Amino acid sequence: MGLSIGFFIIFALFGSLNYATIFSITPFMNETTITIIGLLLLTGAMAKSAQIPLHSWLPGSMEGLTNYKIKYNFFLLFIFFFI
């Protein structure tokens, strides 16, 4: 979310996402605005790559069913059905 908001603010302020355009206009911008954009981009990148303070979503997403688990569950159901 922070990454998207950061990019939207960059596009709204600079009118482009081109690095050359952004870096040529940046010296004339408010320093607080540039800091907020940088923090939003950093927070978004950290959340996307599951860095330490924002990693709580990663274990839950890795617990999904795999082909092995599905086959094993069908195998158990088949065996217990006939026992």
Side-chain angles (χ1 to χ4, degrees):
M1 189 75 163
L3 197 63
S4 298
I5 294 171
F7 280 127
F8 286 137
I9 292 173
I10 289 173
F11 189 75
L13 289 177
F14 299 108
S16 174
L17 294 176
N18 186 1
Y19 285 134
T21 305
I22 294 169
F23 291 143
S24 66
I25 300 174
T26 301
F28 307 109
M29 295 297 295
N30 186 0
E31 188 174 317
T32 306
T33 306
I34 301 299
T35 304
I36 291 171
I37 291 171
L39 289 174
L40 283 169
L41 294 175
L42 177 67
T43 304
M46 286 176 53
K48 184 162 178 46
S49 62
Q51 296 296 322
I52 292 296
L54 302 169
H55 71 287
S56 61
W57 64 268
L58 186 60
S61 66
M62 300 300 281
E63 290 179 359
L65 289 176
T66 61
N67 288 337
Y68 174 75
K69 289 180 183 179
I70 292 171
K71 290 176 185 175
Y72 183 71
N73 287 339
F74 279 124
F75 176 73
L76 287 178
L77 282 171
F78 182 76
I79 287 179
F80 287 129
F81 182 73
F82 288 107
I83 291 181

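Keep in mind that this is a model prediction, so the values were computed, not measured. These values consider heavy atoms only, across backbone and side chains, with no hydrogens, waters or symmetry-generated copies.
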List the atom of Thr21, the atom of Phe14, and the distance in Å for their closest heavy-atom pair.
CG2-O, 4.5 Å
State plainly whether one hydrophobic cluster holds both Ile5 and Ile36, where clusters connect Ile, Leu, Val, Met, Phe, Trp and Tyr through side-chain heavy atoms under 4.5 angstrom apart.
yes
Applying the 4.5 Å side-chain criterion to the ILVMFWY set and letting contacts propagate, would Ile10 and Leu39 be lumped into a single cluster?
no
Would you say Leu41 and Leu3 make side-chain contact, with heavy atoms under 4.5 Å?
yes
Could you state whether Tyr19 and Phe8 fall into the same hydrophobic cluster, counting links through intermediate Ile, Leu, Val, Met, Phe, Trp or Tyr residues with side-chain heavy atoms under 4.5 angstrom apart?
no
Quick one: CG on Leu17 to CZ on Phe7, what's the gap to the nearest 0.5 Å?
7.0 Å
Is there a path of hydrophobic side-chain contacts, each under 4.5 Å between heavy atoms, that joins Ile25 and Ile22?
yes
Separation of Leu13 CG from Thr26 OG1 (nearest 0.5 Å):
10.0 Å
Between atom CG of Asn30 and atom CD1 of Ile37, what is the distance when rounded to the nearest 0.5 Å?
10.0 Å
